Amino acid sequence: MASVYDHTKIEKKWQQAWEEAKLFLQTEKQGETVKDKMYLLFAFAYPSGSGLHVGHVESKTALDILARYYRMQGKDVFFPVGWDAFGLPAENYAIKTGVPPVETTKNAINTFRRQLKQIGISYDWANEIATCHPGYYKWTQWIFAELYKKGFAYQAEGKVNWCPQDQTVLANEQVVNGTCERCGAEVVQKDLKQWYFKITEYKDELISGLDQVDWPVATKQQQLNWIGKAKGLNIDFKLSEKTEITLTVWTKFWETVFGTTFVVIAPEKFLEMKLGELVDSQHQAAVNDYLDKAFKKTEEERKIGEKDKTGVDTGLKVINPVNGQAVPLYIADYVLMNVGTGTVMGVPAHDERDFAFAKKFGLPIQQVIVPSGLSFESLVSTQRDPADFRSQFLAQVKEGMTVWPWEGKIVNSGQFDNMESRGDGKQAMAEWMIEQGYAQWNVTYKLRDWLISRQRYWGAPIPVIYDPEGQPHLVEELPWELPTDVDFKPTGESPLTSSVEFQQRTEAYAAKHFQRLMIEKGWDQNGKGWRPEYDTMDTFVDSSWYFLRYVDARNEREFASKEQMQKWLPVDFYMIGPEHIVLHLLYSRFFTKFLRDQGYLNFDEPFMKMRHQGMILGPDGRKMSKSKGNVINPDEVIEKFGADTLRVYEMFMGPIEADKLWDVSAVAGVYRFLRRVHALVSAGVMPVGVQRKLHQTIRKVTQDIPELKFNTAIAAMMEFVNEWEAALKTSSADKLGHEELTSFIKLLAPFAPFLADELYHQVADSSKSSASSVHLSEWPQWNEELAQEEAVMIPIQINGKVRTQIEVKTDSVGDKNAILAEAKSTQIVQKWIEGKEIVKEIYVPGKIVNVVVK
RNA sequence: GCCGAAGUGGCGGAAUGGUAGACGCGAGAGACUUAAAAUCUCUUUCUCGCAAGGGAGUGUGGGUUCGAGUCCCUCCUUCGGCACCA
């Protein structure tokens with residue numbers, strides 16, 4: 001009598017058993033060397049109050065399958081877990097309720113931990129870390145100190161993005177369309193002294209290092225875009241009023257330089273160069289007026305200005321070095337200070353922005369390229385009549401409604417006329433200008449240094465104190481702990497300013513460490529006048545090195561020992577959501593390279609292989625959210641169907657990297673599958689007739705898992721179960737032994753670990769010594785001979801269309817002539833080739849026959 | 001606008017250049033049942049046909065090939081990222 005599949009009982013039982021047996025703790029191997037290491041990493045989660053969602057389950061299950069699979073293959077698997085525990089939500093909650101973030105966070109972590117154990121993720125819990133723990137942030141602060149000592153952490157005053165809602169500074173990366181990434185409030189600019197990390201020092205290696213890693217091309221592309229390396233030419237325009245002053249423009253399209261009819265400078269640049277002094281009285285008022293307005297503009301107004309160009313004529317003229325022509329100098333805020341040189345040459349004939357500007361201010365438009373050949377034809381849609389489109393387009397350009405494309409023959413450009421604008425002409429013009437001495441190559445980057453100061457409470461304190469003169473001094477006794485006696489209500493200053501303990505600690509620290517300086521300067525020797533740095537670090541700092549700490553999480557003397565790092569690093573496989581593509585990866589790579597250069601690491605890139613899980617959408621095809629009421633709660637699925645079903649379903653939904661929508665009834669389908677497996681194994685009869693299919697299934701699953709093709713691996717197991725059931729009804733009493741039955745259970749083990757261990761013990765053969773858990777057992781091998789079909793059906797095509805098929809014994813698929821003869825002798829083929837001439841006969845061994853007739 | 005990814009049945013999806021639609025869901029028919037649920041069996045891309053057997057078919061239009069969902073070109077759509085970046 002087959003027992004029922006009681007998923008709740010089974011899962012509870014094995015969760016407990018694994019925990020008691022410490023089945024997955026790598027820490028036990030602390031002293032041992034590893035032969036064949038496999039470091040599997042997921043982006044550690046922010047422990048939010050709402051607990052695990054189905055998206056977490058997806059990425060964690062995928063990695064868990066790899067972990068269990070590689071373990072069974074005898075690899076040393078390192079699969080750690082931790083929490084990105086600092087951050088705004090806990091602090092915002094504290095502001096609302098007064099509950100300290102440390103408590104909220106602890107509770108949330110407990111919930112997550114319970115849920116992760118419930119879905120059977122085989123983490124090495126002994127290395128669990130939380131970024132808010134002093135034992136962790138001690139080393140975050142230590143890295144800050146290292147950066148500071150090497151000149152990679154510095155303070156600078158400047159315009160920063162300020163979120164009035166969250167009362168904090170934001171990194172450029174956290175500003176989305178002029179609004180705060182987190183709360184959506186409009187970001188304003190503010191002048192503040194802030195801490196920066198010199199990530200730009202590694203800009204070139206952050207590009208070249210991408211060649212070393214196996215990442216999705218799209219991800220690499222986005223990193224490249226963010227770094228934004230662009231090669232252009234600096235071209236010097238001299239002021240005609242005062243020729244010792246040079247305005248340098250930067251351009252990628254220097255082949256249009258003869259078409260320059262004006263030059264535009266950014267308002268900030270204009271001030272910086274003190275050009276205001278040269279403006280004549282006639283233009284003075286308008287210029288001052290414009291500068292005033294430009295600096296007062298809000299983000300909102302700037303965006304409106306995208307279409308409507310504003311600017312002002314300075315009355316000054318600059319000389320185009322290529323033809324000696326004097327062109328007017330304008331100030332306009334569509335030119336950005338931090339792009340290129342903050343000054344651009346206006347070529348209205350071939351650039352849309354310059355075109356709009358010229359139209360508005362009535363400036364001349366000088367065409368210097370005539371579009372020609374293929375490049376122009378590529379503008380033409382096949383849907384439209386090319387000739388018609390061309391004439392329409394040309395008419396548009398003539399009427400001054402649009403700009404000319406800049407691929408084609410160069411004109412109106414002296415000795416460069418008739419050259420190709422994107423080919424020889426471009427090259428020749430650059431060489432000539434450089435030779436003439438007024439142009440140089442200039443490679444520019446979009447990447448800026450990383451602003452890490454945050455005026456928030458719930459983060460790692462910046463380990464710096466200031467002396468009475470305001471000079472910063474590093475705190476070297478770490479951890480420099482986050483005080484607890486603070487007022488969470490935002491005041492525009494960091495909440496840490498309200499801590500009495502923090503101030504006293506700072507004075508005591510100063511008194512202890514800076515006596516000599518105090519005496520020298522004649523300051524109070526008890527530390528009066530000193531103050532701590534009130535800002536905390538961006539939480540991205542915490543998450544930029546956590547994968548290093550994992551390998552030696554309890555080390556109190558260093559962030560990780562050389563031996564442990566040698567043993568496990570770098571990360572072999574990293575699974576993170578697509579939302580982390582730019583920032584987290586860039587910062588982690590920067591830290592890795594920095595620490596390598598200080599002699600702590602011996603590798604260049606932290607994450608060798610990486611993939612991104614897709615998003616799980618609600619049943620309605622939209623992103624899950626409470627307000628839309630389409631959220632699937634994993635706890636409910638577990639209660640009804642069990643964690644094994646939840647896991648297998650999420651892996652079966654589709655390719656791991658694709659977005660997928662939740663299908664409530666398909667979950668039940670997976671549950672049916674597991675129940676059938678349970679019943680079949682419990683009955684214990686595997687007919688001899690399924691042996692071939694079993695070996696094929698082992699082969700398929702073994703090959704699919706490392707390629708992350710979990711959906712097809714599961715489909716293969718379903719196929720096998722279908723065949724197994726069918727065979728029970730038809731075949732004789734002959735049955736396979738214990739080994740075959742166990743092989744199938746092992747295939748299932750990474751996907752449905754609880755059920756698999758239950759079944760493994762159910763069928764355990766007491767006469768043989770077997771592992772204490774299926775998860776410690778050996779991965780099954782397939783036998784290529786047993787997996788081979790006796791005969792194959794070969795489709796016969798006539799002119800590429802399948803008309804019939806013939807059966808061929810597997811050992812004679814190589815006999816081309818015999819197979820072609822047999823194919824042609826079939827009635828159906830005879831019918832199709834009758835009265836026609838055979839032009840060609842193709843046979844792809846074991847695959848297909850194609851007879852071409854005329 | 002630029003960069004990137006993707007378009008396959010009613011749905012999720014499968015397919016080293018070689019029988020398109022595996023596997024699952026849903027739907028239809030049947031069995032069991034007083035009935036329903038559950039379970040089991042069969043059918044299920046569209047289309048013509050009683051059938052045998054045809055025809056069409058992987059976003060569009062072309063190309064390469066004996067043969068294209070797959071490779072090349074073109075355009076369209078959707079999604080993700082970047083964007084007054086010169």
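Below, chain A is the first sequence line, B the second, and so on; all start at residue 1. Any value given below was found using the heavy atoms of this structure, including those in side chains, with hydrogens, waters and symmetry copies removed. All values derive from a computational prediction rather than experimental measurement.
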For atom C1', what is the distance between B:C23 and B:U44, given to the nearest Å? 15 Å
Rounded distance (Å) that lies between atom P of B:A86 and atom CZ of A:Phe262: 16 Å
Please report, rounded to the nearest Å, how far the P atom of B:G4 is from the CD1 atom of A:Ile581. 14 Å
Under 4.0 Å: is that the gap between some side-chain N or O of A:Arg803 and OP1 or OP2 of B:U19? no
Which of residues 846-854 of chain A have a heavy atom under 4.0 Å from RNA chain B? A:Lys847, A:Ile848, A:Asn850, A:Val852
Quick one: label A:Val335 by what it contacts on the DNA or RNA (base, sugar-phosphate, nothing), any heavy atom closer than 4.0 Å. base
Is there a donor in the side chain of A:Thr219 and an acceptor in the side chain of A:His612, or the other way round, less than 3.5 Å apart? yes
Do NZ/NE/NH1/NH2 and the carboxylate oxygens of A:Asp214 and A:Arg611 come within less than 4.0 Å? yes
Taking the side chain of A:Gln221 as heavy atoms from C-beta outward, which of B:G4, B:A14, B:A86 is closest to it? B:G4
Across all strands, who's sitting opposite B:G10 as a Watson-Crick or G-U wobble pair, both distances under 3.5 Å? B:C25
Please determine if A:Lys446 forms a cation-pi arrangement with A:Trp226, meaning its NZ or CZ atom is less than 6.0 Å from the six-membered ring centre and no more than 45° off the ring axis. no
Under 4.0 Å, heavy atoms only, any strand: does A:Gly340 hit a base, just the sugar-phosphate, or nothing? nothing
Would you check if there is a donor-acceptor pair between the side chains of A:Glu789 and A:Gln696 at a distance under 3.5 Å? yes
Distance alone, cut at 3.5 Å: any donor-acceptor contact between the side chains of A:Tyr438 and A:Thr246? no
At a cut-off of 3.5 Å, list every protein nitrogen or oxygen paired with a nitrogen or oxygen from nucleotides 5-12 of chain B, distance to 0.1 Å.
| from | atom 1 | to | atom 2 | distance (Å) |
| --- | --- | --- | --- | --- |
| B:G12 | O2' | A:Met653 | O | 2.7 |

At under 4.0 Å between heavy atoms, what does A:Gln805 touch on the DNA or RNA strands: base, sugar-phosphate, or nothing? base
With a 3.5 angstrom cut-off on both distances, give the Watson-Crick or G-U wobble partner of B:A52, or none if there isn't one. none
Report the distance from atom CZ of A:Phe710 to atom P of B:A14, rounded to the nearest whole Å. 14 Å
Using atom CD of A:Gln703 as one end and atom P of B:U16 as the other, report the distance to the nearest whole Å. 12 Å
Among side-chain atoms of A:Gln788 and A:Arg692, is any donor-acceptor pair under 3.5 angstrom? no
So which nucleotide from B:C82, B:C40, B:A86 ends up closest to the side chain of A:Trp226? B:C82
Heavy-atom nearest nucleotide on RNA chain B taken for A:Ala716 and for A:Val844; more 5' hit belongs to A:Val844
Under-4.0 Å side-chain N/O to phosphate OP1/OP2 contact, A:Lys801 with B:G57: no
Watson-Crick or G-U wobble partner of B:G30, both distances under 3.5 Å: B:C40
Residue pairs passing the ring-ring contact (aromatic ring centres under 6.0 Å, His included) test where at least one lies in residues 701-721 of chain A, sequence neighbours excluded: A:Phe720-A:Trp724, A:Phe720-A:Phe744
With the side chain of A:Asn722 defined as its heavy atoms from C-beta on, choose the nearest nucleotide among B:G18, B:A86, B:G24. B:G24
Residue A:Asn711, side-chain heavy atoms: nucleotide from B:G13, B:C85, B:G24 that is nearest: B:G13
Quick one, A:Trp254 with A:Trp441, criterion ring-ring contact (aromatic ring centres under 6.0 Å, His included). Give me CA distance, side-chain angles, the key distance, then yes/no. CA-CA 11 Å; A:Trp254 58 84; A:Trp441 292 115; 5.3 Å; yes
Of all residues at least two apart in sequence or in a different chain, which pass the salt bridge (charged side-chain N to carboxylate O under 4.0 Å, His left out) check with A:Glu841? A:Lys824
Proximal nucleotide (of B:G13, B:A15, B:C84) relative to the A:Pro655 side chain: B:G13
Across all strands shown, which nucleotide pairs with B:A5 by Watson-Crick or G-U wobble geometry, both distances under 3.5 Å? B:U78
Could you state the CG-P distance from A:Asn799 to B:G18, rounded to the nearest angstrom? 19 Å
Ion pair present between A:Lys660 and A:Glu650, side-chain N to carboxylate O less than 4.0 angstrom? no
Side-chain contact, heavy-atom cut-off 4.5 Å: A:Met345 with A:Asp354? no
Of the non-hydrogen atoms in A:Leu586 and A:Leu206, which two are nearest, and what is the gap between them? O-CD2, 4.2 Å
In whole Å, I'd like the distance from the NZ atom of A:Lys446 to the P atom of B:G81. 15 Å
Indicate whether the side chain of A:Asp663 and that of A:Ser665 have a donor and an acceptor atom separated by less than 3.5 Å. yes
Please measure how far the P atom in B:G59 lies from the corresponding atom in B:G9, and state the result in whole Å. 8 Å
Is A:Phe253 touching bases, backbone alone, or none of the nucleic acid, heavy atoms closer than 4.0 Å? sugar-phosphate
Proximity to the side chain of A:Lys709 - top-ranked nucleotide from B:A86, B:C23, B:A15: B:A15
Expressed as a whole number of Å, how far does the P atom of B:G1 sit from that of B:A68? 34 Å
For the ring pair A:Tyr671 and A:Tyr649, is the centre-to-centre distance below 6.0 Å? no
Do A:Trp782 and A:Glu784 have side-chain atoms, one donor and one acceptor, less than 3.5 Å apart? yes
Checking all strands, does A:Gln222 fall into the base, sugar-phosphate, or nothing category for heavy-atom contacts under 4.0 angstrom? sugar-phosphate
Rounded to whole angstrom units, what separation is found between the CH2 atom of A:Trp832 and the C1' atom of B:C66? 17 Å
Applying the 3.5 Å cut-off to both distances, the Watson-Crick or G-U partner of B:A15 turns out to be none
Rounded distance (Å) that lies between atom P of B:U39 and atom OH of A:Tyr5: 15 Å
Taking only side-chain N and O atoms of A:Arg353, does any of them lie within less than 4.0 angstrom of OP1 or OP2 on B:G1? no
Between B:A15, B:A86, B:C84, which one does the side chain of A:Asp333 approach most closely? B:C84
Within 45° cone and under 6.0 Å: A:Lys309 NZ/CZ vs A:Phe357 ring: no
Within the pair A:Lys252 and B:A86, is there a side-chain N or O less than 4.0 Å away from OP1 or OP2? yes
Do A:Asn234 and A:Thr248 have side-chain N/O donor and acceptor atoms under 3.5 Å apart? no
Knowing that exactly one of A:Glu707, A:Met717, A:Lys700 qualifies, which makes a side chain to side chain contact (heavy atoms under 4.5 Å, CB included) with A:Thr712? A:Lys700
Taking O4'-C1'-N9-C4 for purines and O4'-C1'-N1-C2 for pyrimidines, is B:G9 syn (within 90° of 0) or anti? syn
From B:C3, B:C25, B:U19, pick the nucleotide closest to the side chain of A:Ser665? B:C25
For nucleotides 41-52 of chain B, tabulate all protein N/O to nucleotide N/O atom pairs closer than 3.5 Å, reporting atom names and distance.
| from | atom 1 | to | atom 2 | distance (Å) |
| --- | --- | --- | --- | --- |
| B:U41 | OP1 | A:Lys729 | NZ | 3.3 |

Might you list the N or O atoms of the protein lying below 3.5 Å from N or O atoms in nucleotides 27-33 of chain B, with each pair's distance?
none

Can you check the distance between B:A38 and B:U33, where both ends of the measurement are the C1' atom (answer in whole Å)? 11 Å
